[in-house]
Amino acid sequence: MGHPRHPWVPPGPRSTFRSPIPNPTGPDPAELPAACELPAAPPAPPPPACLGSRLGGAQEGRRSALPPRSLWPWRTAKMAAPMEVALVSDAAGPLCNCSVWELHSGSALPGYRGGNSGPRGLALLGGEHLLGAQLGKSYINVWELQRKDQLQQKIICPGPVTCLTASPNGLYILAGVAESIYLWEVSNGNLLAILNRHYQDLTCLCFTDDSSHFLSGAKDCLALVWNLYSVLQAEPSQIPDPRHVWSRHSLPITDMCCGFGGPLARAATASLDQTAKLWEVSSGELLLSVLFDVGIMAVTLDLSEYHMFCGGMDGSIFQVDLCAWPVQRDRTFQTERENGKIFKGHRNQVTCLSVSTDGSLLLSGSHDETVRLWDIQSKQCLKTMNHKGPVTNAFIVLAPANMFNPDGKPSVPLPKFSKHLYGTESNDEQGSEGVTLRLGLHQQDSGESYLEKGEKMYSQMCSTREKNLVGDQEHLTIQVSELEEEVSTLRKINKNLFDFSARIITKPAK
């Protein structure tokens, strides 16, 4: 007969086991007489190899099925996390046009050399190129992201560029030159449109996140909302109308930004009239107007659009709660009562603002030649970077892959950008390089567009139907007369049924 099963214990006789804790309920087994000693327990059978011991069987079983630690994937390959970087330019950098530094660690990265970028004149193009409007000059510098020390080309403009932006989808470039907006197509370099609806110099441009609309602000106190598709559909000889004209500001517009949501997004505008306003792009309605004690030079929204940050001429940065109760369209920012919502540190006007993707950090640039990184929750300055001149651009982006890959190349090389409006230049100057992408009337050849063909087919269908109606007039007259007779017959039947029902209902009971 086999021995009864006992819980597994280390092999060895029970008689030699000594507990480190005295037995409070009885004598020590060593003090018992020899006759009372317990028999030695038989050695326990070894546990199966596939299960390990009873004390650690599950863990050892799993270990036996795993590869060595040196071959674990997180030991052999590093997981690349998205890196946020800050792109900063100033008006007097002698060597570097745009400096780059990692946002959270503060480590400086190689910058882009050549020239100086003007205010609102720095933009990323498709995650493969960097654009910088040369300060006071009539051209735009273009770098490949991985080649920081060498300009790829210069886009020649008819005058000094006052503001610059690129569509998020990487297909179009907008530049403000005096009071005109120039629109280029990236795939072939054609100048598709020149919009002249402002009366004074432009100060800022921005796209919606889906590239369907763009906004423009100028010194004429107007902010215009443009539908990109309507602009591309317009005849070259016509100037398209903006979708909305916002004229609530009384002094020049200094900055604007657009949130998420495409045509349903909200946009913020800042002005020297000491107000910042929040608008709805789809309806053009004014949602909020906040009055401050100083002129506002910069404005931005966090990604959740819970807060609006406004940079003042005195160096203060104001945090406006967009979900504050009660809801009021016109509000006044009271500095004394809302002192806990002010970032203090700059000694001169704030020129640019940007919020990190997680909404915890705020980047600000100023004419005091410093860039500061703030913790939004505590309003404390985490890092200060000194520059050689007034800061003209500072914003946070997720670093594109090509920025740190010296062997990377753009998927499509940039063509030579045209100086003349597409369709008005000579055939010899129209290049065939690049990929042609056309919407509506803007095509490479002189053939009809799809919309023109559709309109032509619809007009032919309408004309054919009219001819058939005229040719079958007699047949239609016969059909109408037959239908009229049938209606008259139905009316008689209906009247007879009504009379019969009335007689049955009103018939006296017997």
Side-chain angles (χ1 to χ4, degrees), residues 204 206-210 212-217 221-225 227 242-314 316-344 350 352-364 374-379:
C204 45
C206 69
F207 269 95
T208 56
D209 62 323
D210 66 343
S212 64
H213 293 71
F214 62 90
L215 287 69
S216 60
C221 315
L222 297 179
L224 306 182
V225 181
N227 186 319
R243 181 174 179 180
H244 301 299
V245 178
W246 295 335
S247 57
R248 297 291 189 92
H249 287 290
S250 57
L251 287 176
I253 293 176
T254 55
D255 194 15
M256 59 174 44
C257 69
C258 194
F260 286 88
L264 303 178
R266 297 186 295 181
T269 57
S271 173
L272 292 177
D273 62 5
Q274 302 184 359
T275 64
K277 302 182 186 294
L278 190 67
W279 312 80
E280 188 177 52
V281 174
S282 59
S283 63
E285 181 182 359
L286 175 63
L287 303 178
L288 176 67
S289 178
V290 184
L291 178 63
F292 299 90
D293 296 333
V294 295
I296 304 301
M297 302 300 298
V299 65
T300 190
L301 299 168
D302 61 357
L303 293 188
S304 61
E305 298 185 13
Y306 283 154
H307 302 102
M308 179 171 63
F309 300 92
C310 306
M313 295 188 65
D314 62 347
S316 300
I317 303 173
F318 309 99
Q319 176 181 321
V320 180
D321 296 334
L322 301 181
C323 300
W325 187 264
V327 179
Q328 297 176 342
R329 175 173 292 184
D330 297 307
R331 292 164 53 182
T332 300
F333 191 93
Q334 299 179 0
T335 306
E336 298 80 7
R337 191 173 64 180
E338 303 183 76
N339 191 40
K341 299 178 181 178
I342 302 178
F343 301 79
K344 296 181 179 180
V350 178
C352 36
L353 294 170
S354 182
V355 182
S356 62
T357 54
D358 61 358
S360 64
L361 301 176
L362 175 67
L363 184 72
S364 63
W374 308 83
D375 178 73
I376 294 178
Q377 186 68 26
S378 64
K379 308 295 185 295

Working to the nearest 0.5 angstrom, can you tell me the gap between [X] [atom1] and [Y] [atom2]?
| X | Y | atom1 | atom2 | value |
| --- | --- | --- | --- | --- |
| Ile317 | Leu362 | CD1 | CG | 5.5 Å |
| Lys344 | Lys379 | NZ | NZ | 12.5 Å |
| Thr208 | Phe214 | OG1 | CZ | 10.0 Å |
| Phe333 | Ile342 | CZ | CD1 | 4.5 Å |
| Met297 | Leu272 | CE | CG | 5.5 Å |
| Leu224 | Ser216 | CG | OG | 4.0 Å |

Donor-acceptor contacts, no H, no angles, side chain residues 251-258, under 3.5 Å, sequence neighbours left out:
residue	atom	partner	partner atom	Å
Thr254	OG1	Ala270	O	3.3
Thr254	OG1	Ile296	O	2.7
Asp255	OD1	Arg120	NE	3.2
Asp255	OD2	Val299	N	3.0

Hey, are the side chains of [X] and [Y] touching, using non-hydrogen atoms and a 4.5 Å cut-off?
| X | Y | result |
| --- | --- | --- |
| Leu353 | Cys310 | no |
| Val225 | Pro242 | no |
| Glu280 | Leu264 | no |
| Leu322 | Tyr306 | no |

Does the pair Phe318 and Val294 meet the rule for a side-chain contact (heavy atoms from CB on, under 4.5 Å), with working shown? CA-CA 11 Å; Phe318 309 99; Val294 295; 4.0 Å; yes
For the student: nearest non-hydrogen atoms of [X] and [Y], plus distance:
| X | Y | result |
| --- | --- | --- |
| Phe207 | His213 | CD2-O, 3.4 Å |
| Leu215 | Ala267 | CD2-CB, 3.5 Å |
| Thr269 | Ala223 | CG2-CB, 4.3 Å |
| Trp374 | Ser364 | NE1-OG, 2.8 Å |
| Ile376 | Val355 | CD1-CG1, 4.1 Å |
| Leu287 | Arg266 | CD1-CD, 3.5 Å |

For [Y], is there any backbone N or O sitting under 3.5 Å from a side-chain donor or acceptor partner on [X]?
| X | Y | result |
| --- | --- | --- |
| Glu305 | Ala265 | no |
| Arg331 | Leu288 | no |
| Asp375 | Ser378 | yes |
| Ser356 | Leu361 | yes |

One pair to check against side-chain contact (heavy atoms from CB on, under 4.5 Å): Val320 and His307. What are the steps and the verdict? CA-CA 5 Å; Val320 180; His307 302 102; over 6 Å; no
Checking His249 against Thr275 for the side-chain contact (heavy atoms from CB on, under 4.5 Å) test, could you report, in this order, the C-alpha distance in whole Å, the side-chain angles of both residues, the deciding distance, and whether it holds? CA-CA 8 Å; His249 287 290; Thr275 64; 3.3 Å; yes
Please step through side-chain contact (heavy atoms from CB on, under 4.5 Å) for the pair Leu291 and Gln274, ending with a clear verdict. CA-CA 6 Å; Leu291 178 63; Gln274 302 184 359; 4.1 Å; yes
Would you call the rings of Trp246 and His244 parallel, tilted or perpendicular if under 30° counts as parallel and over 60° as perpendicular? parallel
Just to verify, which of Lys277, Arg329, Gln328 counts as forming a side chain to side chain donor-acceptor pair (under 3.5 Å) with Ser289? Lys277
